[in-house]
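Beneath this line is the structure, given in structure tokens, with notes to follow.
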Amino acid sequence: MRMHALCFALLCSGTAAAQAPAPAAPPPGQTVSFVACPIYRDTDAGRKSGCWLADDPNGSRFDITFGPVKPQVGRMVAVEGVTTDAATEPSTPCGGAVLTPVRIAVLPESCARTIIPAEAHPGRPSKSPPELLKPAHEPRTLPPPPYDTRVFTIYFEHGRDFLIYQYAEVIIEKIVLYAKASGAKRVSIEGFAATEPWSVPSARGNWTLREPARLARRRAEMVAEALRRLGVPEDSLNVSWQAAATASAELEGGKLPESSKRRVVITVTP
Amino acid sequence: MPSVLRRVALCLTLVVTSCDDPAATERPATTYANALVDADGGAAPAHESKRIWRAGGAEPFPRSLSYPAGTGTITTLNVAGPTPTDGHPFFTPLGANGRACITCHQPADGMSLSARTAAQIWEESGADDPLFAAIDGSNCPSLPQSRASSHSLVLEKGLFRIPRPWPPLAADGEPIEPEFTLEVVRDPTGCNLDRRHGLYSARPMVSVYRRPRPAANLKYVTGIGFSFDPKNGLPLVLDRETGEPTSGNLLSDVRERTLRGQARDALLAHIELHAEPSAAQLDAIIAFETQLFTAQSSDPRAGDLTSDGALGGPEALAQAPAARLQSAAMNPIWGEFTPWANLPAATSGMDPTREFRESVARGAKLFATRWFLVSDSAGITDTGFGNPVRNSCAFCHNMLHSGMDVAPGQVDLGTTNLPHANEQPDLPLFRLTCHLDAEPHPHLGRVVYTHDPGYALTTGKCIDIGKITAQNMRGLSGRAPYFVNGSAKTLADVVTYYDERYTLELTDQEKMDLQHLLEVL
């Protein structure tokens, strides 16, 4: 099947979604979590400018575009995000109450592929993260002393050990440079997985999300492999893992408790 | 006129004083190039006299070689200057089948091999030519080799058989347990079910059919843009021998990661060298191929591709730094032709040259900034960008001057996987079924029909089914047909494929602008 036909079908199926209830106005600063079928709004403000929306079980439509990982049409997503004040984060660009910070997890379960037209929403021009990995040809500067024990944390998507693009590699390079500058004797890598059940509401009832314990190890080993490939000596690495992760206040001031459980903590000891 | 006679005639009239003159190789590069231009009256120097280089020849490979290609001329620049070929391992048949590297990497074809050249060789030499060696220059070694039909994929599409071990082997030679089962649904060449060469033979092999990649512009192929590969979330894979990072942009399926590994693999597999190549042989091959830069250099519709501020042709390609990421706003890809967007006003009436140049410049701008929804393309739309994601051709073809992917570039854009692949009844069709405990293909699920599993034949992973490394885009006019399996006969077909695959809704003028751009790369 050619994409002409496919996209036509998608846009048609989006018409109904476009007529979903108008977004409610949840109080700002509240953490919300739910599972939904994501909606792509085809706004065009240049590259990577489309909008991602998701409806919570109460019919409120949220703009989840600010997450570091974007959804995939046709795949359910788990959303954990913080509501904002419409005065500072208006719903105009995408047509949903903005969640930020926000994390989404693409789930294996399929759902309707929904793409809706811009409907006068302008979208937002893509903004690069504040820190990006520099090209290989640009020289790196080693961090200056003092070199004390330093802790770094990398967060993951639900159910995955994938190092998130334009996020994780920046932290990993910082670890490598700090380990090199400080002559680190030990780099401890501790992986965590959210094995305790997380009950999340959806329009189809509650979902229970739970990560397998082995994911804690896979995440730790993924980070260890990244450090190895970037020259951190094997004999300095100490890899461990544990399930039943507890929430950490380090991620967004504790406003994303479930997302904060999916992490690897790296401790560099000079 | 028969092709042989035509070649002789052209040789006498055009370039006998340059390419066939031993003294010519002693001249400084610019003088040599000028001699070619002078011989041809200043336009599109053509090397028809020696369009096809044969293994075992003794003629030096000059600093610059130009040949008709598409509507214009392609030039291959040998930046180290004239290279003796007598005994050189790139030009010498080292193995059992009489081939050398040059057999399938022809300067007239941008150091690849076009279907046109394959057909010309068949016309001149027939089945006995080393190009049609049974091992991979025929649809299957077990077929009667004297018949043209046994070589139809080489003759019609420039496709060579690539037998991949099944199950896949890791870099250390250990078998990888694949995440999927592989069944042969259709086997038009007979090779995948062949008793000796097939999937159920004593040495199980999966035969796929692919175009040879250019042995030129290699600093772009091996250059490192960033230390990470965002497609698999890890830093670049290190070379087992040197410990250095590898670009991941070599070969369609990354079965080799270094030029050394590729040269060795090619000598053993394609040239049938029945012993390990020496270090000196590998060094000489790598040294030669890395000094070659190929690109379209002129087009009768545009004139010299370096005129009026443009930076087409191989000289600029040789001088530019490799592996630099384009930026649509600051430093867009194919900025080589941006000056043609602002040509001086025409002095009078129609100016076809100006119109063509402006078309090329529009094509370059479209390539970098025509936003469309990139969807269902594993390697891109499953790596955090979202599916779909609005972007342009330069999202994947983002390396300045080459159009490769800095990332590196294994993506399933649908050229081999159904349902997006063009109809190809002459190619095998496989059904791959992912195991329940494996992560399925992100957009096609657990059962995938494909003409070529691509990168998955190297990794054994479902998520890699149909991923093919992005190609170097220079010198395209010399090496039709296109895509890994030759499924696009012309550059117009390439544009049409993308237009339909990603619903670009290009106007006829926009299609033509993009085609013109591709023709002058």
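Just so you know, these numbers use all the heavy atoms, side chains as well, and skip hydrogens, waters and symmetry mates. Chain identifiers are assigned alphabetically (A, B, ...) following the order of the sequence lines, protein sequences preceding nucleic acid strands; residue numbering begins at 1 within each chain.
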Of the backbone (N, CA, C, O) and the side chain (C-beta and beyond), which part of [X] lies under 4.5 Å from a heavy atom of chain A, both, or neither?
X	answer
B/Val374	neither
B/Leu325	neither
B/Ser227	both
B/Pro321	neither
B/Leu418	neither

Just wondering, do B/Phe395 and A/Lys48 contact through their side chains at under 4.5 Å, heavy atoms? yes

Validation row: B/Trp371, A/Arg47 side chains within 4.5 angstrom (heavy atoms): yes

Please look at [X] and chain B and tell me whether the side chain, the backbone, both or neither of the residue comes under 4.5 angstrom of a heavy atom of that chain.
X	result
A/Pro108	neither
A/Thr43	backbone
A/Ala168	neither

Output field: ring centroids B/Phe228/A/Tyr165 closer than 6.0 Å: no

Does A/Arg113 come within less than 4.0 Å of B/Asp376, counting only side-chain N to carboxylate O? yes

Any donor-acceptor pair under 3.5 Å from A/Arg229 side chain to B/Pro235 backbone: yes

